[in-house]
Trainee: 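Structure in structure tokens, see below.
Positions are given from 1, in the same order as the sequence printed here.
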Amino acid sequence: MAGGGGGAVKEVKSKVELDQTIGEGSPVILHFWASWCEASKHMDQVFSHLSTDFPLAHFFRVEAEEQPEISEAYSVSAVPYFVFFKDGNAVDTLEGADPSSLANKVAKVAGSISPGEPAAPASLGMAAGPTILETVQEFAKENGSSQEGSLSPSAVGDRLKNRLEQLVNSHAIMLFMKGSPESPECGFSQKVIDILKKEKVKFGSFDILTDNEVRAGLKKFSNWPTFPQLYCKGELLGGCDIAIAMHESGELRDVFKDHGIEISDPSEMKATEPNGGPGGITGPSGLTAALTSRLHGLINSSEVLLFMKGKPDEPRCGFSRKVVDILRQEKVKFGSFDILSDDEVRQGLKVYSNWSSYPQLYIKGELIGGSDIVLEMQKSGELKKVLSEKGISSGETLEDRLEQLVNSSPVMLFMKGKPDDPRCGFSSKVVNALKEEGVDFGSFDILTDEVVRQGLKTFSNWPTFPQLYYKGELIGGCDIVMELCNNGDLKATLSE
């Protein structure tokens with residue numbers, strides 16, 4: 001893969017080769033695409049033509065589903081998606097079917113076609129020709145969005161959402177894969193099948209190659225960009241890598257057991273349960289005094305403490321995300337600890353609490369339980385009662401929080417991603433408009449907080465993002481901002 005770009009698009013075969021080329025320092029542009037996404041196909045034509053205009057840069061095509069390691073490394077949550085590298089560093093990204101932005105960003109990292117000559121959008125017209133440009137622009141207009149492959153759950157229609165909910169709940173363990181268990185059609189699906197067979201559990205499966213609607217919709221529904229996808233009791237566990245890690249650590253069996261999944265060969269489980277506790281755990285007596293003291297301190301470090309996978313704004317499993325959402329719905333302030341960051345705590349807490357899986361929720365130092373128990377307590381009203389009895393008052397209301405957020409900066413942008421790393425084309429446009437006008441602004445990434453994301457729609461009576469506010473008042477979304485910008489009124493509107 002090393003060497004000059006040569007004016008052609010190359011397929012990425014491995015992350016190792018890709019990292020080697022990026023490390024050489026030459027300009028590199030990655031196009032993450034999917035065969036099911038029409039926007040990807042159209043943008044790939046533009047991408048190919050641009051590669052001929054900038055022969056000194058490397059243009060690489062990455063099939064997002066087939067290269068999950070690379071997709072996850074660059075947080076790809078939609079296709080088409082582009083990542084731009086210069087001097088060995090990722091310097092920019094682009095999401096969606098926006099040919100002019102693609103050409104401009106390529107030119108920034110790869111340089112002009114000839115000295116002193118701007119590369120875009122003129123370059124795009126020269127390279128791609130009017131037919132391709134019209135096709136891409138017409139496609140974007142017909143679809144009303146540049147994010148054909150966006151993974152926002154709100155992008156799934158009610159009919160499809162109901163169908164997907166039925167599918168993920170059709171079996172206690174459900175695997176969405178390429179092919180069938182008897183004839184997997186990708187190595188990652190084969191690995192997860194092998195794991196489930198070793199775990200001796202019954203599972204259902206769905207071949208996503210037979211239904212593009214389910215294939216595309218499930219990515220949005222689950223906010224997970226690749227396959228296979230493994231579900232337990234309707235909750236996403238993850239893909240191949242997560243399934244392997246959970247299996248190797250013994251955690252996958254613990255999760256299955258805690259959720260009442262029957263093992264096909266119960267005799268194998270008897271040897272691991274000498275004391276009848278979850279997963280054969282015998283209690284805190286096996287822990288060192290130092291670790292016991294540390295765990296006690298962690299558990300009592302906050303009135304409400306959640307031991308979870310990941311962080312509240314970046315949960316790493318569906319069960320952890322569920323408990324975070326419940327606590328936020330209950331408007332409870334809580335601390336958290338990422339058990340993926342400390343294996344001593346991760347393993348020790350299982351023994352200390354006699355609870356074999358995560359997340360684990362503690363209130364005033366007392367274990368409440370995992371995701372199923374917390375969900376059941378919320379539904380019955382018991383969680384609110386326990387919190388009240390233990391003197392845990394709910395924090396600010398959601399409206400209070402939103403009021404504070406929209407007023408946290410004179411000019412405030414609620415967007416997908418961050419100003420230096422927008423995660424959708426519309427957010428990118430508004431960020432660029434504000435920067436071009438020299439406007440200082442604050443921002444909030446609504447992808448990190450589903451409560452804020454949904455609440456702000458009602459608060460502002462505006463259903464989409466981005467949303468731009470000035471002194472606490474809504475200005476509007478992308479179209480309004482761009483209209484103000486084009487009329488020369490944007491800066492004046494934001495300085496009145």
Trainee: Suppose we screen for ring pair (Phe, Tyr, Trp, His ring centres under 6.0 Å). Which residues come up paired with F337, at least two apart in sequence or across chains?
Mentor: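 F337 satisfies ring pair (Phe, Tyr, Trp, His ring centres under 6.0 Å) with F307 only.
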Trainee: Who are the ring pair (Phe, Tyr, Trp, His ring centres under 6.0 Å) partners of H259, not counting sequence neighbours?
Mentor: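 Residues passing ring pair (Phe, Tyr, Trp, His ring centres under 6.0 Å) with H259: F319.
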Trainee: Under 4.5 Å between any side-chain heavy atoms of F82 and K105, yes or no?
Mentor: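 Heavy-atom side-chain distance check fails, nothing below 4.5 Å.
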Trainee: Among all residues two or more places apart in sequence or in another chain, which pass the side chain to side chain donor-acceptor pair (under 3.5 Å) test with D421?
Mentor: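 For D421, the residues satisfying side chain to side chain donor-acceptor pair (under 3.5 Å) (neighbours in sequence not counted) are T93.
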Trainee: Are any of the side-chain nitrogens in R453 or D313 under 4.0 Å away from the carboxylate oxygens of its partner?
Mentor: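 No, no charged N to carboxylate O under 4.0 Å.
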Trainee: Below 4.5 Å, heavy atoms only, C-beta onward: do L196 and F256 meet side chain to side chain?
Mentor: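 When only atoms from C-beta onward are counted, F256 and L196 do touch, with a gap below 4.5 Å.
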Trainee: Taking only residues two or more places apart in sequence, or in another chain, which ones meet D87 in a salt bridge (Lys or Arg N to Asp or Glu O under 4.0 Å)?
Mentor: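 D87 satisfies salt bridge (Lys or Arg N to Asp or Glu O under 4.0 Å) with no residue once adjacent residues are dropped.
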Trainee: Among Q229, K233, E235, which residue meets the side chain to side chain donor-acceptor pair (under 3.5 Å) test with Y231?
Mentor: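 Only one of Q229, K233, E235 forms a side chain to side chain donor-acceptor pair (under 3.5 Å) with Y231, namely Q229.
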Trainee: May I ask you to test the K309-P359 pair for a side-chain heavy-atom distance under 4.5 Å?
Mentor: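 When only atoms from C-beta onward are counted, P359 and K309 do not touch, as no gap falls below 4.5 Å.
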Trainee: With sequence neighbours excluded, what pairs up with D211 under the salt bridge (Lys or Arg N to Asp or Glu O under 4.0 Å) test?
Mentor: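 So D211 forms a salt bridge (Lys or Arg N to Asp or Glu O under 4.0 Å) with R163.
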Trainee: About how many Å separate OG of S380 and CG of L375, when rounded to the nearest 0.5 Å?
Mentor: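 Rounded to the nearest 0.5 Å, the CG-OG separation comes to 9.5 Å.
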Trainee: What distance do I368 atom CD1 and L306 atom CG have between them, rounded to the nearest 0.5 Å?
Mentor: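 So the CD1 of I368 and the CG of L306 are separated by 11.5 Å.
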Trainee: Quick one: which of L298, L291, I299 gives a side chain to side chain contact (heavy atoms under 4.5 Å, CB included) with Y352?
Mentor: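 For Y352, the side chain to side chain contact (heavy atoms under 4.5 Å, CB included) test succeeds with only one of L298, L291, I299, which is I299.
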Trainee: Taking only residues two or more places apart in sequence or in another chain, which ones pass salt bridge (Lys or Arg N to Asp or Glu O under 4.0 Å) with E344?
Mentor: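 Partners of E344 by the salt bridge (Lys or Arg N to Asp or Glu O under 4.0 Å) criterion, ordered by chain and then number, come out as R294.
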Trainee: Quick one: side chain to side chain donor-acceptor pair (under 3.5 Å) partners of R346, sequence neighbours excluded?
Mentor: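 Per chain and number, R346 pairs via side chain to side chain donor-acceptor pair (under 3.5 Å) with E251.
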Trainee: Do E95 and S428 make a side-chain contact, defined as non-hydrogen atoms from C-beta onward lying under 4.5 Å apart?
Mentor: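 Counting from C-beta outward, E95 and S428 never come under 4.5 Å.
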Trainee: Going by side chain to side chain donor-acceptor pair (under 3.5 Å), name the residues that satisfy it together with D449, two or more places apart in sequence or in a different chain.
Mentor: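 For D449 the side chain to side chain donor-acceptor pair (under 3.5 Å) partners, ignoring immediate neighbours, are R401.
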Trainee: Is there a side-chain contact between V109 and D92 (heavy atoms, below 4.5 Å)?
Mentor: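 Answer no - side chains too far apart.
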Trainee: Measure the spacing between CD of E213 and CZ of R159 and express it to the nearest 0.5 Å.
Mentor: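 Here the rounded value is 4.0 Å.
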Trainee: Which residues pass the salt bridge (Lys or Arg N to Asp or Glu O under 4.0 Å) test with D194, not counting sequence neighbours?
Mentor: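 Partners of D194 by the salt bridge (Lys or Arg N to Asp or Glu O under 4.0 Å) criterion come out as none, since no residue qualifies.
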Trainee: Can you tell me how far the CE atom of M246 sits from the CZ atom of R253, to the nearest 0.5 Å?
Mentor: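 Separation between the atoms: 13.0 Å.
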Trainee: Give the C-alpha distance, both sets of side-chain angles, the deciding distance and a yes or no for salt bridge (charged side-chain N to carboxylate O under 4.0 Å, His left out) between K202 and E262.
Mentor: CA-CA 8 Å; K202 295 179 180 179; E262 292 185 4; 5.8 Å; no
Trainee: Could you check F32 against V83 for side chain to side chain contact (heavy atoms under 4.5 Å, CB included), going step by step and ending with a plain yes or no?
Mentor: CA-CA 8 Å; F32 289 88; V83 184; 3.8 Å; yes
Trainee: Return yes when atom NZ of K429 has more than 12 non-hydrogen atoms of other residues, nucleotides or ligands closer than 6.0 Å, and no otherwise.
Mentor: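 No, because the 6.0 Å sphere around NZ of K429 holds 12 heavy atoms or fewer from other groups.
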Trainee: For S40 versus A34, what's the shortest heavy-atom pair and its separation?
Mentor: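 Nearest heavy atoms, S40 then A34: OG-N, 3.5 Å.
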Trainee: Suppose we screen for ring pair (Phe, Tyr, Trp, His ring centres under 6.0 Å). Which residues come up paired with Y358, at least two apart in sequence or across chains?
Mentor: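 So Y358 forms no ring pair (Phe, Tyr, Trp, His ring centres under 6.0 Å) with any residue.
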Trainee: Run through F47, Y74, F84 and flag the one making a side chain to side chain contact (heavy atoms under 4.5 Å, CB included) with L30.
Mentor: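 Looking at F47, Y74, F84, the match for L30 under the side chain to side chain contact (heavy atoms under 4.5 Å, CB included) is Y74.
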Trainee: Please tabulate, for the side chains in residues 173-183, all donor-acceptor contacts under 3.5 angstrom to protein atoms that are two or more places apart in sequence or on a different chain.
Mentor:
unit_1: K178; atom_1: NZ; unit_2: E65; atom_2: OE1; d: 3.4
unit_1: K178; atom_1: NZ; unit_2: E66; atom_2: OE2; d: 2.2
unit_1: S180; atom_1: OG; unit_2: S183; atom_2: N; d: 3.1

Trainee: Would a 4.5 Å heavy-atom cut-off, applied to side chains only, mark V324 and F334 as touching?
Mentor: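 SC-SC contact between V324 and F334 confirmed.
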Trainee: Could you pull out all residues at least two apart from E376 that satisfy side chain to side chain donor-acceptor pair (under 3.5 Å)?
Mentor: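 With neighbours one apart ignored, the set is empty.
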Trainee: Do the side chains of W355 and I373 get nearer than 4.5 Å, heavy atoms only?
Mentor: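 I373 vs W355: side chains touch.
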Trainee: Determine yes or no for a side-chain-to-main-chain donor-acceptor pair under 3.5 angstrom, with Q467 supplying the side chain and T464 the backbone.
Mentor: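 The answer is yes, because a donor-acceptor pair under 3.5 Å joins these two groups.
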Trainee: Could you tell me if the side chain of L230 sits less than 4.5 Å from the side chain of I242, heavy atoms only?
Mentor: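 Result no, sub-4.5 Å side-chain heavy-atom pair not found.
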